[in-house]
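Any value given below was found using the heavy atoms of this structure, including those in side chains, with hydrogens, waters and symmetry copies removed. Every chain is numbered from 1 and lettered A, B, ... according to where its sequence line falls, protein lines coming before strand lines. Everything quoted here is computed from the prediction, not taken from an experiment.
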Protein chains: 2
Amino acid sequence: MAANIKSGLKEVARSAGVSIATVSRVINGETVVKEATRLAVNSAIKKLGYRPNRAAQRLRSTHRSRKLIGLLIPDIQNPYYIDIISGIESYASAHGATIIIGNFSQDAQRERIYIDTLRSESVDGCIVATTPRTEKYVEGLIRDGFPVVCIDRGLKNLKSDVVKSDNETGAFAATEHLIKLGHKRIAHIAGDLQIPTSHERIAGYKAAHQQYKLRVDEGLIISKHSNYESGVELALQVLKMKKRPTAIFTGNNLLTLGVLEVLHGHAIKIPQEIAMVGFDDVYWANSLNPAVTAVKQFGYEIGHQAIELLFKRIEEPQRPPVSHIVNTQLMVRKSCGTGS
Amino acid sequence: MAANIKSGLKEVARSAGVSIATVSRVINGETVVKEATRLAVNSAIKKLGYRPNRAAQRLRSTHRSRKLIGLLIPDIQNPYYIDIISGIESYASAHGATIIIGNFSQDAQRERIYIDTLRSESVDGCIVATTPRTEKYVEGLIRDGFPVVCIDRGLKNLKSDVVKSDNETGAFAATEHLIKLGHKRIAHIAGDLQIPTSHERIAGYKAAHQQYKLRVDEGLIISKHSNYESGVELALQVLKMKKRPTAIFTGNNLLTLGVLEVLHGHAIKIPQEIAMVGFDDVYWANSLNPAVTAVKQFGYEIGHQAIELLFKRIEEPQRPPVSHIVNTQLMVRKSCGTGS
DNA sequence: CTGAAAGCGCTTACAG
DNA sequence: CTGAAAGCGCTTACAG
């Protein structure tokens with residue numbers, strides 16, 4: 001228990017009266033080792049407070065373990081990604097794995113640099129929410145034998161494991177909810193059009209219109225970036241529309257928050273003057289006033305499934321890639337009113 | 001630019017017509033190398049797309065570099081810590097450093113395990129927001145020569161660099177604001193009393209009362225944990241008080257959000273029926289309704305300063321420890337009304 | 001079932 | 001200014 005002065009394999013071996021090879025075998029749980037030997041080694045390990053040097057392990061071992069996992073995250077300020085990270089992290093920590101976090105803040109160059117870093121660190125695998133612009137770097141990672149699981153979207157030229165929400169269905173449900181409440185002019189403040197999920201959500205929005213025989217007014221679909229500032233800017237744009245929409249469907253968390261700032265700032269009553277549904281839920285949705293109706297993505301679950309798939313791939317690199325499409329759930333609260 | 005099949009020092013050396021020692025020197029920016037040699041090596045590096053193996057570097061080098069930084073964070077779901085992580089991460093990424101994240105979710109055992117992991121990974125240094133219960137493990141880290149910077153609070157038995165907010169002054173300002181608005185019964189929903197910052201904030205709350213000759217009613221200071229659920233639970237408790245307070249001062253982010261859920265749920269008008277100030281600000285404070293008045297901690301700045309101090313300590317391990325006390329700022333918005 | 005030895009990809013005295 | 005060689009702390013065939 002007491003922290004000890006640097007003790008390595010050598011010290012443990014000496015203390016247990018075996019060779020370092022045997023100690024190594026015990027550490028790696030090889031079953032060949034005789035029970036009595038194993039016990040002796042383990043007690044020496046405990047006695048000396050020995051901790052393997054992971055850099056040395058990583059350098060020497062021939063096959064990947066599950067010790068170091070790299071994360072490539074577009075925006076750590078987005079609560080959705082925090083949920084994902086939480087899901088990954090709790091599973092990782094329960095399995096003794098460590099996480100390297102690469103938050104590239106939607107910056108392609110930083111993303112590239114992080115991919116290089118993950119290589120340099122010899123991570124055992126990565127979980128990435130990549131953007132189309134850096135796709136080929138992620139593909140390179142896979143070609144070079146790194147286990148990779150994609151979040152939010154797959155790759156273009158390569159099959160890979162992917163875990164994502166059913167964006168179209170989620171957006172459909174949100175839009176349908178508004179339509180059933182009688183709304184006919186529903187603005188959609190979409191996320192960055194460079195991001196594929198934005199298009200899937202737009203598709204859901206349109207599909208709902210078609211289903212209910214409502215014409216889609218393309219002028220009602222506006223977008224810029226996927227951040228808070230764009231939410232503010234685009235909400236202002238909605239308010240200036242000649243024929244003001246009676247409802248807004250926002251494409252993500254940050255946009256929702258930005259829109260709320262504008263609506264509250266203009267003292268616009270929600271839902272009486274404008275109803276709202278947002279994509280992405282937050283644990284404090286009830287702290288908003290009114291509590292906002294939202295399409296919940298199960299970020300924690302997505303993260304959890306992603307790392308589970310990653311571990312499986314590390315064990316079995318040739319396993320055929322799978323796609324997990326996680327359902328969303330419409331959380332009906334107060335921002336749309338309570339009935340048609 | 002194209003990703004290449006594993007190229008190591010050896011390949012670069014061969015391509016540049018020098019020894020691997022020279023290549024290593026170029027990589028490490030040693031100034032002894034002749035200009036012409038350096039150029040040749042660098043072009044070989046670029047040509048082969050060489051990336052140093054960090055595990056090998058870490059294993060071999062005698063002094064700490066700034067490549068791998070460990071983070072010990074109590075709760076990644078708390079926006080304050082996200083800000084801190086952002087500040088650390090952006091600085092790290094700009095300096096080619098990688099970050100290992102250890103989110104222990106307020107769990108002492110997980111914190112201890114993470115500390116061990118950071119040792120195992122041979123991190124170059126750590127930034128830790130530790131709890132009193134695991135203090136001795138962090139102290140062990142320092143004794144064993146790991147550069148450590150503390151956030152939020154220092155250590156008991158050991159001097160170390162520390163970066164933290166001026167909690168007492170911040171809490172004083174929040175309370176004073178309410179008092180000046182005429183409030184005499186101000187409840188304080190404090191964070192977990194095991195956490196020292198909670199006490200500092202309580203002290204500020206009390207100091208403001210004394211300054212303005214108001215008796216402190218200890219029954220008005222309630223606490224449990226520092227999370228959302230406690231915010232909910234304690235707000236309910238406030239509502240049940242025989243003589244209901246006219247204002248609430250919450251001890252952190254999560255508590256604020258929990259309290260808001262309750263107040264909105266009970267349709268209690270803020271600030272007319274109950275005024276509110278929270279410790280900790282969020283970038284979406286204006287998305288709340290009413291926009292909440294809050295004591296802003298400069299989390300991003302704190303993170304930034306912490307990693308800067310850490311890098312300095314790595315360079316100069318014997319430098320005497322310093323404390324950076326970062327000012328807070330009262331962000332006056334709408335949750336207290338607009339004047340006495 | 002266990003040990004001696006080679007070697008992972010680097011860095012660093014030590015010579016020259 | 002540069003190279004040959006030792007070695008960081010491990011893992012892994014290869015013998016036995």
When the distance from [atom1] of [X] to [atom2] of [N] is rounded to whole Å, what number comes out?
X	N	atom1	atom2	value
A/R54	D/dC8	CZ	C1'	18 Å
A/N53	C/dC8	CG	P	18 Å
B/I27	C/dC10	CD1	P	7 Å
A/L9	C/dA5	CG	P	17 Å
A/L59	C/dT11	CG	C1'	12 Å
B/R119	D/dG9	CZ	P	15 Å
B/R14	D/dG3	CZ	C1'	16 Å
A/R58	C/dC10	CZ	P	15 Å

Between D/dG9, C/dG3, D/dT11, which nucleotide has the shortest distance from any of its atoms to the side chain of A/A56?
D/dG9
ring-ring contact (aromatic ring centres under 6.0 Å, His included) involving A/Y81 - partner list, sequence neighbours excluded:
none
Under a 4.0 Å N-O cut-off, is there an ion pair linking [X] with [Y]?
X	Y	answer
B/E35	B/R38	yes
A/R58	B/E121	yes
A/K136	A/E139	no

Within 45 degrees of the axis of the six-membered ring of A/F146 and under 6.0 Å from its centre: does A/R64 put its NZ or CZ there?
yes
Tell me which residues in residues 28-37 of chain A put a heavy atom below 4.0 Å from DNA chain C, sorted by number, or none.
A/V32, A/V33, A/K34, A/T37
Taken in chain and number order and not counting sequence neighbours, the residues that satisfy side chain to side chain donor-acceptor pair (under 3.5 Å) with A/D192 are none
Between [X] and [N], is there a contact of a side-chain N or O with OP1 or OP2 at under 4.0 Å?
X	N	result
A/S19	C/dA4	no
B/T22	D/dT2	no
A/Q57	D/dG9	no

Under the side chain to side chain contact (heavy atoms under 4.5 Å, CB included) rule, collect the residues that match up with A/Y300, sequence neighbours excluded.
A/S86, A/S90
Run A/I142 and A/L155 through side chain to side chain contact (heavy atoms under 4.5 Å, CB included) and show every step you take.
CA-CA 11 Å; A/I142 298 181; A/L155 267 12; 3.5 Å; yes
Begin with the C-alpha distance, continue with both residues' side-chain angles, and end with the deciding distance and a verdict on side-chain hydrogen bond (donor to acceptor under 3.5 Å, both in side chains) for A/T131 and A/E111.
CA-CA 9 Å; A/T131 53; A/E111 186 181 1; 3.0 Å; yes
Which helical stems does DNA chain D take part in, if a stem means at least 3 consecutive Watson-Crick or G-U pairs with both distances below 3.5 Å?
C:1-3 with D:14-16, C:5-12 with D:5-12, C:14-16 with D:1-3
Every protein N/O within reach of nucleotides 13-16 of chain C N/O, cut-off under 3.5 Å:
residue: C/dA13; atom: N6; partner: B/R25; partner atom: NH2; Å: 2.9

